[in-house]
Amino acid sequence: MKRLLLGTASLLAVTALAQAQAPVPENLEKLSNFQTTGTSEFTFVDQTGEYADGIKKTLERIKLPDGFKIGLYAVVPDARHMAVGPQGIVTFVGTRKDKVWSVTDRNKDRVADEVKDFAPSLKFAIPNGPCFSKDGFLYIAEQNRVLVYPAAEFFYESPDVAAFNVVKQGELIPPAEESYNHTARVCDIGPDGKLYIALGQPFNVPAPEKLDLYNKWGIGGIIRLNTDGTGREVFATGIRNSVGMDFDPNTGDLWFTDNQVDGMGDDIPPGELNHATAAGQNFGFPWYGGGDVRTNEYKNDEPPADVVFPAAEQVAHAADLGMKFYTGKMFPAKYQGAIFSAQHGSWNRTTPVGARVMVSYVNEDGTATSEPFAEGWIDENGEYLGRPVDVAELRDGSILVSDDLAGAIYRIWYEGN
């Protein structure tokens, strides 16, 4: 058993330790046949000490609407997108590195007691995107593979888990298009029972000769397929790099965020919250860099006539990522059916923006109106104290917010005025 002590050691040192471990052999064939692999070690993350105390200190400065509270739920290195198990037993957390973490609150005090790596007998490559089906099948979208774990909430206690290919390694996108950029996938199960996956394209703005290939594969778009991997089709195109999606529980429509073009100035183009009402829609990229702002590279090209513009424009370069429709009962009525989303924060804006949680209210015409909900992760010096990535909901109606800079998951709950 390995235990990561997040006390005086920095998170960077912890991450280096995890990466320095000997590579795990590919054991998928054995796991698919319910065979043991001989793996016996977990990596555990300490939930106490100076590091956790430092995160709690940062949370004292976070501003929330009256009646809301925020606290540290778990220390989770590189925490990215989250999937809360339907049984409420464990939350799975993806990363942009080589770990998936399982987070367990065993005594149900709404603070995690245990954080350990999931399926350590497998070798992952950017397993950013976990998502659950209603019947408890966990899907994890990696850089160029999708696996399913039919009983993850049961098997996660063991290093060996039942695991099967949905999309084999090298078949999600052409291997020649694998990139270090815009390669963090997200997934969701739609009302139609199909698996939806967002495939970011790797460029700031792609060259014209790439477009036919990308449209064929759904790169720079969203694909959907049956949960056994068959029936793949391109659901939406014209998307630069979506790293957050959810289905409206009332209409079944898909909503998703999109990160827009860099290098056009501090205040353009806007980020996007998009609303897909049917398959086959085009959301404008690369002719538009965000909203109705034309890109320099395609400004002389005629854009598609049927472009769907954002349901809500967001602050330029705030980097809108994970999002979740709120279906709980804990929060006041105004938040019922609203969208909570994470702004990761700008990476190259002159004055940093974002690093907060937004709430968006869906209007009757299918658009949305957004406002800050939780903010304060940028200090008075313009320094990032955290960078929110994703939002998930616990069974009690509180929400979780992941942060890959701090290496943490926060819980936000409502206590009333």
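Note: hydrogens, waters and symmetry copies are ignored here, and every other heavy atom, side chains too, is used.
Looking at every heavy atom in both residues, Pro269 comes nearest to Gly289 through CG-O, 3.2 Å. In terms of heavy atoms, Ala319 sits closest to Gly345 at CB-O, 3.6 Å.
Under 4.0 Å is where a charged nitrogen must lie from a carboxylate oxygen, and between Asp262 and Arg240 at least one such pair does. Between Glu50 and Lys57, no side-chain nitrogen of the basic residue sits less than 4.0 Å from a carboxylate oxygen of the acidic one, so the salt-bridge criterion is not met. Checked for salt-bridge contact, Arg145 and Glu142 meet the test: a charged N lies under 4.0 Å from a carboxylate O. Ion pairing between a basic and an acidic side chain is recognised when a charged N comes within 4.0 Å of a carboxylate O; Lys210 and Glu177 show such pairing. The residues Asp188 and Arg224 are annotated as not salt-bridged, no charged nitrogen and carboxylate oxygen being separated by less than 4.0 angstrom. At a threshold of 4.0 Å, the pair Asp404-Arg387 does not count as salt-bridged, since none of the basic side-chain nitrogens sits closer than that to a carboxylate oxygen.
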| task | Would you please test Asn27 and Thr39 for side chain to side chain contact (heavy atoms under 4.5 Å, CB included) and show each step? | result | CA-CA 10 Å; Asn27 290 314; Thr39 303; 4.2 Å; yes
| field | From CA spacing to verdict: side chain to side chain contact (heavy atoms under 4.5 Å, CB included), Ser102, Val115 | value | CA-CA 6 Å; Ser102 62; Val115 176; over 6 Å; no
| Going through the checks in order, is the side chain to side chain contact (heavy atoms under 4.5 Å, CB included) test met by Asn128 and Arg185? | CA-CA 6 Å; Asn128 181 83; Arg185 318 298 185 200; 5.6 Å; no
| said: Checking Gln260 against Asp258 for the side chain to side chain donor-acceptor pair (under 3.5 Å) test, could you report, in this order, the C-alpha distance in whole Å, the side-chain angles of both residues, the deciding distance, and whether it holds? | reply: CA-CA 6 Å; Gln260 296 310 302; Asp258 197 8; 2.9 Å; yes
| Going through the distances and angles, do Gln314 and Ser370 end up as a side chain to side chain donor-acceptor pair (under 3.5 Å)? | CA-CA 8 Å; Gln314 306 295 337; Ser370 302; 2.9 Å; yes
| request: Kindly determine whether Asp160 and Thr37 satisfy side chain to side chain donor-acceptor pair (under 3.5 Å), including the steps that lead there. | output: CA-CA 7 Å; Asp160 291 330; Thr37 66; 2.6 Å; yes
| side chain to side chain donor-acceptor pair (under 3.5 Å) between Tyr73 and Ser402, intermediate numbers included | CA-CA 10 Å; Tyr73 184 75; Ser402 61; over 6 Å; no
| Step-by-step salt bridge (Lys or Arg N to Asp or Glu O under 4.0 Å) determination, Glu114 to Lys116 | CA-CA 6 Å; Glu114 180 185 85; Lys116 64 183 180 183; 3.8 Å; yes
| Pair Asp390-Lys324, salt bridge (Lys or Arg N to Asp or Glu O under 4.0 Å): steps then yes or no | CA-CA 8 Å; Asp390 193 24; Lys324 180 75 173 67; over 6 Å; no
| task | Decide yes or no on ring pair (Phe, Tyr, Trp, His ring centres under 6.0 Å) for Phe68 and Tyr335, but give the supporting numbers first. | result | CA-CA 12 Å; Phe68 286 90; Tyr335 298 105; 5.4 Å; yes
| Does the pair Tyr414 and Phe373 meet the rule for a ring pair (Phe, Tyr, Trp, His ring centres under 6.0 Å), with working shown? | CA-CA 13 Å; Tyr414 182 72; Phe373 176 74; 9.8 Å; no
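Both tests pass for Arg294 against the ring of Tyr288: distance under 6.0 Å to the centre and angle within 45° of the axis.
Asp228 contributes a side-chain N or O that, together with a main-chain N or O of Thr230, makes up a donor-acceptor pair within less than 3.5 Å. Thr367 places no side-chain N or O within 3.5 Å of a backbone atom of Asn363 that could act as its donor or acceptor partner. Listed for the Asp253 side chain is no donor-acceptor partner under 3.5 Å among the backbone atoms of Asp248. Without hydrogens or angle criteria, Glu371 side chain to Thr369 main chain gives no donor-acceptor distance under 3.5 Å. A donor-acceptor distance shorter than 3.5 angstrom exists from the side chain of Arg61 to the backbone of Gly376, with no hydrogens or angles considered. Remark: the backbone N or O of Ile89 is not paired with any side-chain donor or acceptor of Gln87 at under 3.5 angstrom. Gln281 places no side-chain N or O within 3.5 Å of a backbone atom of Val307 that could act as its donor or acceptor partner. Counting only distance, with no hydrogens or angles, the side chain of His317 and the backbone of Ser346 share no donor-acceptor pair below 3.5 Å. Here the side chain of Asn226 pairs no donor or acceptor atom with the backbone of Gly229 at under 3.5 angstrom. Checked by atom type and distance alone, the side chain of Arg395 pairs as donor or acceptor with a backbone atom of Pro86 at under 3.5 Å.
The CZ atom of Phe42 lies 9.5 Å from the CZ atom of Phe118; values are rounded to the nearest 0.5 Å. Rounding to the nearest 0.5 Å gives a distance of 8.5 Å between CG of Asp320 and CZ of Arg356. Separating the OG1 atom in Thr237 from the CG atom in Asn282 is a distance of 3.5 Å, to the nearest 0.5 Å. The line from NE2 of His182 to CG of Asn204 is 7.0 Å long, rounded to the nearest 0.5 Å. The distance from atom OH of Tyr139 to atom CG of Leu147, rounded to the nearest 0.5 Å, is 11.5 Å. One finds the CD1 atom of Ile70 at 14.0 Å from the NZ atom of Lys63 (value rounded to the nearest 0.5 Å).
A side chain to side chain contact (heavy atoms under 4.5 Å, CB included) with His81 is found for exactly one of Val243, Ile140, Thr95, namely Val243. For the pairing with Ile222, the side chain to side chain contact (heavy atoms under 4.5 Å, CB included) check across Asn274, Ile239, Ile197 returns one residue only, Ile239. When each of Lys97, Lys123, Lys99 is paired with Asp117, the salt bridge (charged side-chain N to carboxylate O under 4.0 Å, His left out) condition holds for Lys99 and for no other.
For Glu380, the CD atom counts as densely surrounded, since its 6.0 Å shell holds more than 12 non-hydrogen atoms of other residues, nucleotides or ligands. Other residues, nucleotides and ligands contribute more than 12 heavy atoms inside 6.0 Å of the CG atom of Asn348. Within 6.0 Å of CD in Glu29 there are 12 or fewer heavy atoms belonging to other residues, nucleotides or ligands.
Aromatic pair Tyr196/Phe247: centroids less than 6.0 angstrom apart. Checked against the 6.0 Å centroid threshold, Phe325 and Tyr361 do not count as a close aromatic pair. Note: Phe44 and Trp101 fail the aromatic proximity criterion, with ring centroids not under 6.0 Å apart. Proximity of the aromatic rings of Phe155 and Tyr149 is defined here by a centroid distance below 6.0 angstrom, and this criterion is not met.
With sequence neighbours left out, Tyr326 forms a ring pair (Phe, Tyr, Trp, His ring centres under 6.0 Å) with Phe331, Phe340. Taking Asp135 as the reference, Ser133, Phe137 meet the side-chain contact (heavy atoms from CB on, under 4.5 Å) condition, with sequence neighbours excluded.
At a cut-off of 3.5 Å, with distance as the only test, a side-chain donor of Glu393 or Thr327 sits close to an acceptor on the other residue.
Arg80 places none of its side-chain heavy atoms less than 4.5 Å from the side chain of Val93.
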